[in-house]
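Reviewing the structure listed below.
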There are 2 protein chains.
Amino acid sequence: MRLVIARCSVDYAGRLAAHLPEANRLIMVKADGCVAIHADGGAYKPLNWMNAPNTITETLDTEPPQWVITNPKQETLTITLHEVVSDSAHELGDDPGLQKDGVEAHLQELLAASPHAIEHGLTLVRREYPTAIGPIDLVCRDPDNTVVAIEVKRRGEIDGVEQLARYIERLELDSSLGTIRGVFVAQSIKPQAKVLAESRGFTWVEVDYDTLRGMAPDDLRLF
Amino acid sequence: MRLVIARCSVDYAGRLAAHLPEANRLIMVKADGCVAIHADGGAYKPLNWMNAPNTITETLDTEPPQWVITNPKQETLTITLHEVVSDSAHELGDDPGLQKDGVEAHLQELLAASPHAIEHGLTLVRREYPTAIGPIDLVCRDPDNTVVAIEVKRRGEIDGVEQLARYIERLELDSSLGTIRGVFVAQSIKPQAKVLAESRGFTWVEVDYDTLRGMAPDDLRLF
DNA sequence: TGGTGGATTTCGATC
DNA sequence: GATCGAAGTCCACCA
């Protein structure tokens, strides 16, 4: 990884056009060739960047020197270096990568293993049930054999309810499954989303991730 | 901006739980206190981060030394420094900020100037036509004098179709404009969004930004 | 390889 | 401060 601190100006031409006036910034060049230009604030997002794969051309003989970075899509990032304050490089090696726990996929897995936690007597028909407009997180049947479509979100907001509505609409078009019930499940659901779910005729359930993780599927079958 | 190259391991506990095994990485601390941990690859997104505002506590007397970063939402990022390779700081000062050109607003302007590019014979009634749930990008009339509501997106996805549907629903409530047609316009539209648009009775149009920019309004009036 | 949906999305405008 | 929508979104998964 190469780190350059420089007074620079930057131009990007590609999916849009963007310009950065002259100022002091960090230019980060990673081992895979990707380049990011950071100001001294503003979260982690760089002001400008170019992802790998790309080609970096340094024109050191011109004044001021420039870097021209081009990718196969013909996007270009041009960095004009008015003054280089610092220029260093370090070999970091490969990264073992990030281990995550607690994202939506985990929640969906746990609920697929334990549909009882959503509603008494539910049995799983399919995870990621395919429709023309995208997969439904969980499709179950209740004790009356009614089809229940379930949308799982980490955070329950209005667009999740809309998504569920679209899926059910599509399910009813695609097949003759009879009346289909909708259940909106999330770790926490915003009041507006609860209201919308109810007005759409859906039920909603807030589930606790840690509790769910603590429950073995067998425990749930006892209910 | 402080830049630390170190062999470190990292734990994040907050909206989810995440762990980074020991490896060499860049730790970037910006002037506003935000912290980002970068590997030597993988675009511009850091492996782990903590945005401002937060509190950074360095425990240098323990072995190994740790940084504990906490924010008001009680999320914590813990960095364990097994070996510091480099530690430097630079004063960058404020950044004048990024100037952009070619975003959705520009597309909307061009289409407002050349509604013919969307559909033969359209004439503009208003841009940003106000409704109770937000403004409609473009409202036009076709040669039959039918009102045409147009949603403009840079990229056409399902959400945009839903947005158009809500607007038209609202238009029909608010006034007696007769039947209202919907047109979904974007530089590229995803297949699922096309399906949904058609099932809602809307038409959709893909437009090219550069072609549109090259067209003078007068050229279009000739059609 | 391209499409689709989630994200510790981030970021800005608007209310 | 909350909400809503855009983003050069990035990213992983899956066809």
Side-chain angles (χ1 to χ4, degrees), chain A residues 10-18 34-37 41-52 54 71 73-77 97-98 100-108 128 130-137 151-155 157-160 163 166-167 190-193, chain B residues 10-18 34-37 42-52 54 69 71 73-77 97-98 100-108 128 133-135 137 151-160 162-163 166 186-195 209:
Chain A
V10 184
D11 283 279
Y12 165 76
R15 277 167 279 189
L16 53 65
C34 73
V35 179
I37 295 144
Y44 66 68
K45 196 175 181 182
L47 296 162
N48 246 324
W49 67 92
M50 184 76 89
N51 286 349
N54 62 37
N71 73 7
K73 280 180 280 184
Q74 297 296 40
E75 300 173 321
T76 61
L77 186 72
L98 186 65
K100 285 188 192 182
D101 180 35
V103 291
E104 183 188 309
H106 291 244
L107 191 60
Q108 196 194 108
E128 303 286 353
T131 76
I133 55 167
I136 306 177
D137 288 340
E151 176 66 28
V152 179
K153 287 273 180 245
R154 206 169 52 85
R155 296 185 318 195
E157 297 174 24
I158 281 179
D159 59 348
Q163 206 174 329
R166 285 197 301 272
Y167 288 145
K190 298 203 168 174
Q192 293 178 347
Chain B
V10 184
D11 283 279
Y12 165 76
R15 278 167 277 189
L16 54 64
C34 73
V35 179
I37 295 143
Y44 66 70
K45 195 173 183 183
L47 295 162
N48 247 322
W49 69 91
M50 183 78 88
N51 285 351
N54 61 37
I69 302 137
N71 73 5
K73 280 181 278 186
Q74 297 295 50
E75 299 173 324
T76 61
L77 186 72
L98 187 65
K100 287 187 191 181
D101 176 37
V103 291
E104 181 190 310
H106 293 250
L107 188 61
Q108 197 195 110
E128 301 287 352
I133 55 166
D137 288 340
E151 176 67 27
V152 179
K153 289 274 181 243
R154 209 170 50 82
R155 296 189 327 192
E157 296 174 27
I158 281 178
D159 288 358
E162 294 286 24
Q163 209 174 323
R166 286 197 298 270
Q187 287 177 75
S188 76
I189 301 178
K190 299 200 169 178
Q192 293 182 349
K194 292 181 180 176
V195 169
Y209 183 78

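Naming: A, B, ... by sequence-line order, numbering from 1 per chain. Side-chain atoms are counted along with the backbone in the values below, which use heavy atoms only and exclude waters and symmetry mates. Fair warning: this is a prediction, and the values are worked out from it, not measured in the lab.
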Nearest atoms (heavy-atom pairs only) where [X] meets [Y]:
| X | Y | answer |
| --- | --- | --- |
| B:Asn48 | B:Tyr12 | OD1-CB, 3.6 Å |
| B:Leu107 | B:Lys153 | CD2-O, 3.5 Å |
| B:Leu16 | A:Asp101 | CB-O, 3.5 Å |

When you check the phosphate oxygens OP1 and OP2 of [N], does a side-chain N or O of [X] lie under 4.0 Å from one of them?
| X | N | value |
| --- | --- | --- |
| A:Lys153 | C:dG6 | yes |
| B:Trp49 | C:dT9 | no |
| B:Asn51 | C:dT10 | yes |
| A:Lys100 | C:dT8 | yes |
| B:Gln192 | C:dG2 | no |

For atom [atom1] of [X] and atom [atom2] of [N], their distance in whole Å:
| X | N | atom1 | atom2 | answer |
| --- | --- | --- | --- | --- |
| B:Asn48 | C:dT10 | CG | P | 12 Å |
| B:Tyr12 | C:dT9 | OH | P | 8 Å |
| B:Ile189 | C:dG2 | CD1 | C1' | 17 Å |
| A:Glu75 | D:dA7 | CD | P | 15 Å |
| B:Glu157 | C:dA7 | CD | P | 16 Å |
| B:Asp11 | C:dT8 | CG | C1' | 14 Å |
| A:Leu16 | D:dG8 | CG | P | 5 Å |
| B:Asp137 | D:dC4 | CG | P | 17 Å |

ask   = B:Tyr44 on top of D:dC10's base, within under 5.5 Å and under 30°?
value = no
How far does [atom1] of [X] sit from [atom2] of [Y], to the nearest 0.5 angstrom?
| X | Y | atom1 | atom2 | answer |
| --- | --- | --- | --- | --- |
| B:Lys73 | B:Met50 | NZ | CE | 9.5 Å |
| B:Arg155 | B:Ile189 | CZ | CD1 | 13.0 Å |
| B:Glu151 | B:Gln108 | CD | CD | 8.5 Å |

Using the [atom1] atom on both, measure [N] against [M] and round to a whole Å.
| N | M | atom1 | value |
| --- | --- | --- | --- |
| C:dG6 | C:dT10 | C1' | 14 Å |
| C:dT8 | D:dG5 | P | 22 Å |
| D:dC4 | D:dG8 | P | 22 Å |

Base, sugar-phosphate, or nothing: which does [X] touch, judged by heavy atoms less than 4.0 Å apart?
| X | answer |
| --- | --- |
| A:Gln163 | sugar-phosphate |
| B:Lys190 | base |
| B:Arg155 | base |
| A:Gly42 | sugar-phosphate |
| A:Met50 | base |

request  = Could you check B:Ala43 against A:Leu47 and say which one's nearest nucleotide on DNA chain D is further toward the 5' end?
outcome  = A:Leu47
message = Can you tell me which nucleotide in C:dA7, C:dG5, D:dG8 comes closest to the side chain of A:Tyr167?
response = C:dG5
query = Nearest to the side chain of B:Glu104 - C:dG3, C:dT8, D:dA7?
reply =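 Shortest atom-to-atom distance from the side chain points to D:dA7.
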task = Find which nucleotide of DNA chain C each of A:Pro135 and B:Ala18 is nearest to by heavy atoms, and output the residue with the more 5' nucleotide.
result =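 Closer to the 5' end of DNA chain C: A:Pro135.
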